[in-house]
Structures are given as structure tokens and as C-alpha cells.
Chemist: 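Take this structure, written in C-alpha cells, and hold onto it; I'll ask about it next.
When reading the values below, keep in mind they use all heavy atoms of this one structure, side chains included, and skip hydrogens, waters and symmetry mates.
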Amino acid sequence: RGFMANGVPAEKGRLIGRAVAIVDELRVSLDPARGGELARNLEALYDYIGRQLMRANAENRPDLLDEVSTLLQEIRTAWIAIPLEARSARAAGK
């Protein structure tokens with residue numbers, strides 16, 4: 001956001017590219033066979049977030065960065081609400 005506001009396109013692009021890569025890793029780590037509808041919904045949401053990041057970069061739109069930040073914060077809040085034991089068991093495939 002700062003590089004966008006200050007007209008530093010190379011750094012803006014580099015950091016948004018890193019964010020896209022992180023979101024893509026989240027997307028490809030999903031297991032639709034085990035995660036069902038939730039995994040499919042998250043996959044679609046991660047795809048949307050990635051596209052919005054690319055659009056924010058191309059169009060120099062900080063409002064899109066804000067939207068993406070809000071969406072990711074909501075996902076994070078939901079993840080934290082799941083008890084640690086349930087997250088650990090799910091990750092172990094139990």
C-alpha cells in the first residue's frame with residue numbers, strides 16, 4: 001500500500017507478487033476430496049483474492065488491497081476460532 005501511494009511500482013509489484021504466491025499456496029494446499037464444500041468455497045475465495053491482488057497491482061487500487069485484507073482477516077479469525085486440538089487432529093488426518 002505504501003509503495004503504491006508513493007509511486008514505487010517495482011517494490012509494489014514485488015510485494016503484491018509475494019502476496020499472490022502466498023494466497024496461491026493456501027489455495028493449492030486445499031483438499032477438495034476431504035474438505036468438501038468448505039474446501040471448494042475457500043478455493044474460489046483464494047482465486048478471487050489472487051485476481052483482486054493482480055488487479056490492484058495493475059490498476060494501482062489501494063481499495064482492492066483493503067478488500068483483500070478484510071477477506072483474509074475474516075478467514076484468519078474463523079481459523080483461530082477453531083480449537084487447537086481440532087486443528088491439530090484435522091492436520092494429522094484424524
Side-chain angles (χ1 to χ4, degrees):
R1 196 173 217 293
F3 290 126
M4 188 179 284
N6 293 315
V8 186
E11 283 302 302
K12 173 194 75 165
R14 183 181 69 79
L15 292 177
I16 290 177
R18 284 180 57 196
V20 169
I22 291 168
V23 171
D24 195 47
E25 283 296 318
L26 291 170
R27 188 182 58 75
V28 299
S29 71
L30 295 169
D31 184 352
R34 287 183 48 207
E37 184 180 355
L38 176 60
R40 288 188 297 277
N41 289 341
L42 281 172
E43 184 173 19
L45 183 58
Y46 290 147
D47 178 63
Y48 174 78
I49 288 170
R51 285 184 285 114
Q52 290 299 85
L53 285 167
M54 297 301 288
R55 188 172 165 211
N57 188 37
E59 298 175 10
N60 218 37
R61 301 242 335 249
D63 61 306
L64 296 178
L65 296 180
D66 293 339
E67 176 190 7
V68 164
S69 178
T70 298
L71 290 170
L72 290 172
Q73 185 61 41
E74 289 176 14
I75 293 168
R76 180 182 182 276
T77 299
W79 179 251
I80 290 171
I82 299 170
L84 182 58
E85 299 80 27
R87 285 185 271 157
S88 298
R90 182 80 173 160
K94 296 179 183 175

Chemist: Can you establish whether the number of heavy atoms outside E59 located under 6.0 Å from its atom CD is more than 12?
Modeler: yes
Chemist: For V23 and V68, what are the C-alpha separation, side-chain angles and deciding distance, and is it a side-chain contact (heavy atoms from CB on, under 4.5 Å)?
Modeler: CA-CA 10 Å; V23 171; V68 164; 5.8 Å; no
Chemist: Below 4.5 Å, heavy atoms only, C-beta onward: do V28 and Y46 meet side chain to side chain?
Modeler: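 The answer is no; the side chains never approach within 4.5 Å.
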Chemist: For residues P32 and A39, report the shortest heavy-atom separation together with the two atoms involved.
Modeler: CA-CB, 3.8 Å
Chemist: Does any part of the side chain of I16, heavy atoms only, come nearer than 4.5 Å to the side chain of L65, both counted from C-beta?
Modeler: yes
Chemist: State whether the side chain of T77 and the backbone N or O of Q73 hold a donor-acceptor pair below 3.5 Å, judged by distance alone.
Modeler: yes
Chemist: Indicate yes or no for a side-chain donor-acceptor contact from K12 to the backbone of R1 under 3.5 Å, with no hydrogens or angles considered.
Modeler: no
Chemist: Give the C-alpha distance, both sets of side-chain angles, the deciding distance and a yes or no for side-chain contact (heavy atoms from CB on, under 4.5 Å) between E74 and W79.
Modeler: CA-CA 9 Å; E74 289 176 14; W79 179 251; over 6 Å; no
Chemist: We want to know whether E43 and Y48 form a side-chain donor-acceptor pair, criterion being a heavy-atom distance below 3.5 angstrom.
Modeler: no
Chemist: Could you go through L15 and F3, starting from their C-alpha distance and side-chain angles, then the distance that decides it, and tell me whether this counts as side-chain contact (heavy atoms from CB on, under 4.5 Å)?
Modeler: CA-CA 9 Å; L15 292 177; F3 290 126; 3.4 Å; yes
Chemist: Can you tell me how far the CG atom of L64 sits from the OG atom of S69, to the nearest 0.5 Å?
Modeler: 12.5 Å
Chemist: Pick from L45, I22, I49: which one makes a side-chain contact (heavy atoms from CB on, under 4.5 Å) with L72?
Modeler: I49
Chemist: Could you check R27 against D24 for side-chain contact (heavy atoms from CB on, under 4.5 Å), going step by step and ending with a plain yes or no?
Modeler: CA-CA 5 Å; R27 188 182 58 75; D24 195 47; 2.6 Å; yes
Chemist: Side-chain donor-acceptor contacts of residues 4-11 below 3.5 Å, not counting sequence neighbours, with atom names and distances?
Modeler:
unit_1, atom_1, unit_2, atom_2, d
N6, ND2, G2, O, 3.0
E11, OE1, R14, NE, 3.0
E11, OE1, R14, NH2, 2.7
E11, OE2, R14, NE, 3.4

Chemist: Just verifying a value: how many Å separate E37 CD and L42 CG, rounded to the nearest 0.5 Å?
Modeler: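 One gets 10.5 Å once the value is rounded to the nearest 0.5 Å.
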Chemist: Ignoring hydrogens, what is the shortest heavy-atom contact between G13 and N57? Give both atom names and the distance.
Modeler: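 Taking every non-hydrogen atom into account, CA-OD1, 3.7 Å.
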Chemist: So, using side-chain hydrogen bond (donor to acceptor under 3.5 Å, both in side chains) as the criterion, who are the partners of R40 when residues are at least two apart?
Modeler: none
